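To start, the structure under review is shown below, and the notes come after it.
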Amino acid sequence: MRINPYAPNEIEPKWQRFWAEQRAFCAKSYFSRPKFFGLIEFPYPSGSGLHVGHPRSNTAIDIIARKRRMEGYNVLFPMGWDAFGLPTENYAIKNKIHPRIVTQQNVDHFRTQLQRLGFSFDWSREVDTTDPAYYKWTQWIFLKLHAHGLAYKAEMPVNWCVSCKCGLANEEVVDGVCERCNGEVVRRVRNQWMLRITEYAQKLLDGLDDVDFIEKVKTQQRNWIGRSEGAEVDFAIESSEDTSDVIRVFTTRPDTLFGATYMVLSPEHPLVDALIARGTVTNAQAVAEYRAAAARKSDFERTELAKDKSGVPLEGVCAINPATGKPIPVWISDYVLVTYGTGAIMAVPGHDTRDWEFASKFGLPIVEVVAGGNVTEGAYTDVADGVLVNSGFINGLRVAEAKQKITDWLIEKGLGERKVNYKLRDWVFSRQRYWGEPIPMVECPCCGFVPVPEDQLPITLPEVERYEPTDSGESPLAAITDWVNTICPKCNGPAKRETDTMPQWAGSSWYFMRYADPHNADALASKEALAYWLPVDWYNGGMEHTTLHLLYSRFWHRFLYDIGVVPTPEPYQKRTSHGMILGENSEKMSKSRGNVINPDDIVDVMGADAFRLYEMFMGAFDQAIPWSTKGAHGCRRFLDRVWRLQEILTDSEEISPALAASVHGAIKKVTEDYERMKFNTAIAAMMSLVNDLTAAGSVTRGELRALLLILSPVAPHIAEEMWEANSFGGTIYAQPWPAWDEAALHADTVEIAVQINGKVRGRIDVPADMTPEQAAEQLPSHEKVAELLAGRPIRKLVFVQGRLLNIVI
RNA sequence: GCCGGUGUGGCGGAAUGGCAGACGCGGCAGAUUCAAAAUCUGUUUUGGUUUCCAAGUGGGGGUUCAAGUCCCUUCACCGGCACCA
């Protein structure tokens with residue numbers, strides 16, 4: 001039978017309209033059915049539109065969402081816009097358009113592009129972080145954090161991006177430059193809003209044990225949180241008039257206390273000021289110069305110069321090693337960070353690489369206290385099987401025992417305590433820009449910072465003439481006096497609004513909750529909706545968000561759980577990650593490299609289904625992969641072949657016995673591979689099936705039906721069209737997912753390989769259920785086997801059912 | 001430096017310890033065509049003395065009847081962290 005050629009440009013818009021009219025993918029609000037909440041990171045609607053990376057993640061979860069619907073789940077698969085942010089603001093400034101207009105244009109463009117690709121999003125639940133009805137609740141969460149002591153204002157040295165004219169969180173500084181614009185980052189002291197994420201370090205760590213995240217993500221988050229166990233120890237300062245003067249250090253190796261031969265304070269350590277002020281330091285001039293030089297260095301320079309240690313002794317100051325009772329010198333050096341631990345260390349050059357370098361350079365004594373290495377050549381840092389020496393009452397103990405014993409001793413003497421430290425720093429939450437959520441705080445000359453009462457939310461962004469950032473480091477909002485000037489909610493006196501705005505990460509830290517109940521005006525979402533939909537069952541996104549968005553949103557969610565707003569401690573049950581799509585030249589896709597592929601162009605030429613199919617087929621889902629337009633054509637050719645199966649279609653509803661193994665094998669393989677995100681092999685299995693069907697010369701309706709069902713999550717338009725054209729009944733998206741018949745997978749006889757000494761020498765057909773015993777009895781006399789043996793004696797015979805026979809001679 | 005990951009044809013990549021190279025791209029040959037595109041058929045790891053033999057999954061060693069897969073060692077590339085005491 002002749003059929004019209006496959007014309008995706010006609011059938012794809014048709015089905016997209018149909019799905020929209022049917023409200024086919026709207027999540028239902030009956031809370032009794034089993035649910036599935038599938039999520040992909042909502043995009044930042046940039047001016048350049050969708051790139052080919054977005055659809056990789058989107059298609060993957062779209063496949064799962066469509067499969068879940070067919071399996072009977074009530075599916076929530078939403079989409080929205082993370083629309084606050086600097087690029088929009090910068091574009092608005094450059095082109096003199098209000099950021100709101102820019103955002104609207106970009107969102108419309110993105111929506112159109114996404115809809116062309118046929119994703120089964122529930123568009124009735126679209127959220128936009130810049131909508132006051134949305135950011136009202138972002139501000140509300142901030143007030144809750146503040147009420148629970150987790151938001152505070154502090155004078156902090158911050159990472160200041162010179163080109164964005166804006167402070168950055170630690171997580172936003174990459175290789176010493178701004179993550180967004182690659183601009184120079186310097187340290188500036190500013191009064192900043194901070195979120196006490198460190199309070200949640202342990203909970204964020206523990207929570208990882210209960211979720212199904214790919215291991216890479218867990219490891220990165222654990223490293224970022226950076227827990228270390230150890231002890232804090234007090235070192236007295238010799239001949240100090242003030243007996244309360246001690247230097248407290250943090251160490252993970254209290255067992256090496258006898259080997260602490262000097263101490264180092266960070267240049268910013270407050271005790272240095274005190275000692276200088278008191279005149280104890282005899283080389284105050286040199287110390288002041290060193291501190292000034294250290295302060296001038298950016299964090300980047302400090303790290304760059306890491307290899308070459310520098311420092312100055314505090315002459316006239318001596319500390320007492322509490323274990324040996326001996327005086328030891330005190331230095332300052334910028335290899336000790338003021339932001340970690342106590343900002344001071346006991347230096348054990350025998351067993352710490354950095355201390356060893358420092359001691360070698362400045363001729364400080366190096367003492368061995370753990371046997372096993374050679375401390376004249378380098379620090380011995382192995383803790384696995386070292387034994388303590390030169391260490392008084394802990395001599396002869398292994399490192400682990402020595403740690404316990406000396407810590408107990410320190411506690412008993414009142415010289416120290418057990419302590420856990422984290423590398424995680426508090427989250428710098430202020431940005432000095434216009435296009436962000438206003439922080440709902442008021443500064444009153446009498447009452448200090450006062451939270452805006454909840455019933456006054458949202459605090460909306462004022463209309464302004466100019467939203468350029470200022471060189472003074474003040475937010476552009478500061479110039480809008482009739483917005484800034486307000487009254488104190490507490491004393492009704494004149495007061496000023498906080499003019500800093502929230503960072504980009506604020507709105508995205510809770511957006512998934514809003515999808516549960518996006519139009520709720522009385523709460524961020526109803527308790528009932530949250531109880532039903534949370535946690536997100538499957539969240540796919542980029543690795544670049546592991547220590548940013550993913551960690552931040554876990555923090556907010558855990559906090560909201562602690563105050564009874566959300567029903568689960570963790571927001572995401574499962575987290576997976578896709579590999580990047582590179583340009584055809586295997587380099588990262590970027591405008592400047594000129595290797596950007598625009599999805600629209602591909603869809604124009606070969607259709608959305610072929611595009612989706614190729615994005616899933618091109619390689620292992622979790623690995624970076626170069627784009628190949630030729631490869632994409634191969635996927636279009638596959639869909640053409642699927643389409644042409646209609647030319648050889650018969651009336652039978654059966655699956656012909658000759659093809660049963662092929663068809664059922666494909667159903668099984670595709671079903672399992674979708675779940676494991678092995679989309680490439682699932683598609684390969686469908687290609688093989690189509691090859692088999694084509695080779696058979698005719699296709700039954702039963703066979704085509706099975707193929708369309710398993711193909712439909714990846715290529716929904718063609719599946720829907722062929723389903724309708726051949727009157728299979730109803731719509732394919734609402735069909736039940738097909739089951740496979742295990743019995744049909746296995747033929748009665750199988751061809752196995754015959755190996756002699758592990759080398760394949762021939763093939764024979766044997767019954768599929770032949771046991772090793774039967775094989776040992778029957779096969780040596782098999783005509784072909786005997787021929788291969790040529791009379792040589794059999795030493796050993798290995799038979800693997802359905803696979804091979806290996807004869808050792 | 002530390003922690004992950006990856007190394008397989010010309011290319012993207014398959015392969016519960018059991019017949020390496022599935023599937024696709026590209027190439028080559030043929031069919032169709034006035035011709036081209038598209039499509040279809042065949043072929044395509046390498047080297048040979050070509051119904052067959054040998055070699056072959058970054059390199060070297062090992063375990064095993066059997067190793068891309070497990071163990072040891074080494075190299076290269078990618079990602080993350082990096083003076084965190």
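Chain naming here is simple, since letters A, B, ... match the order of the sequence lines and numbering starts at 1 in each. Bear in mind that the values here come from a model prediction, so they are computed numbers and not experimental data.
Among the nucleotides B:C65, B:A14, B:C3, the one closest to the side chain of A:T681 is B:A14. Taking the side chain of A:K759 as heavy atoms from C-beta on, and the options B:A14, B:G18, B:A55, the nearest nucleotide is B:A55. Distance from the side chain of A:R803 is smallest for B:U16 among the nucleotides B:U16, B:C23, B:A85. The listed nucleotides are B:C83, B:C25, B:G18; the one nearest the side chain of A:S628 is B:C25. You'll find that the side chain of A:N806 is closest to B:A66, out of B:A85, B:A66, B:C40. Set against B:A85, B:C81, B:G18, the side chain of A:T252 has B:A85 as its closest nucleotide.
Judged by distance alone, the side chains of A:S266 and A:Y340 never bring a donor and an acceptor atom under 3.5 Å apart.
Residues A:R227 and A:N680 both approach RNA chain B. Their nearest nucleotides, taken by heavy-atom distance, put A:N680 toward the 5′ side.
Taking only side-chain nitrogens and oxygens, A:R641 comes nearer than 4.0 Å to OP1 or OP2 of B:G24.
Rounded to whole angstrom, the span from the CZ atom of A:F799 across to the C1' atom of B:C65 amounts to 15 Å. Counting to the nearest Å, the C1' atom of B:G80 and the NZ atom of A:K216 are 10 Å from each other. The CG atom of A:D352 sits 9 Å away from the C1' atom of B:C83 (whole-angstrom rounding).
Between A:Y614 and A:W627, the two ring planes are perpendicular [angle over 60°; tilted spans 30° to 60°].
Residues A:R253 and A:T381 come closest through the heavy atom pair NH1-O, 4.1 Å.
For B:G9, the base adopts the syn conformation, since its glycosidic angle falls within 90 degrees of zero. Glycosidic conformation at B:U69 (O4'-C1'-N9-C4 for purines, O4'-C1'-N1-C2 for pyrimidines): anti, more than 90° from 0.
In summary, A:R676 and A:E672 do not engage in a salt bridge, as defined by a charged side-chain N under 4.0 Å from a carboxylate O.
Taking atom C1' in both B:G79 and B:A29, one finds a spacing of 44 Å when rounded to whole Å. Distance noted for atom C1' between B:U73 and B:C23: 36 Å (whole Å). Distance check on atom C1': B:C2 versus B:G68 gives 29 Å, rounded to whole Å. Annotation: B:G58 and B:G13 have their P atoms spaced 14 Å apart (nearest Å). The gap from the P atom of B:A14 to that of B:U33 amounts to 41 Å, rounded to the nearest Å. Comparing the C1' positions of B:U6 and B:U69 gives a spacing of 15 Å, expressed to the nearest Å.
With hydrogens and angles ignored, a donor-acceptor pair under 3.5 angstrom links the side chain of A:K309 to the base of B:C83.
For A:K309 and A:F358, the positive end is not near the middle of the six-membered ring at less than 6.0 Å and at most 45° from its axis.
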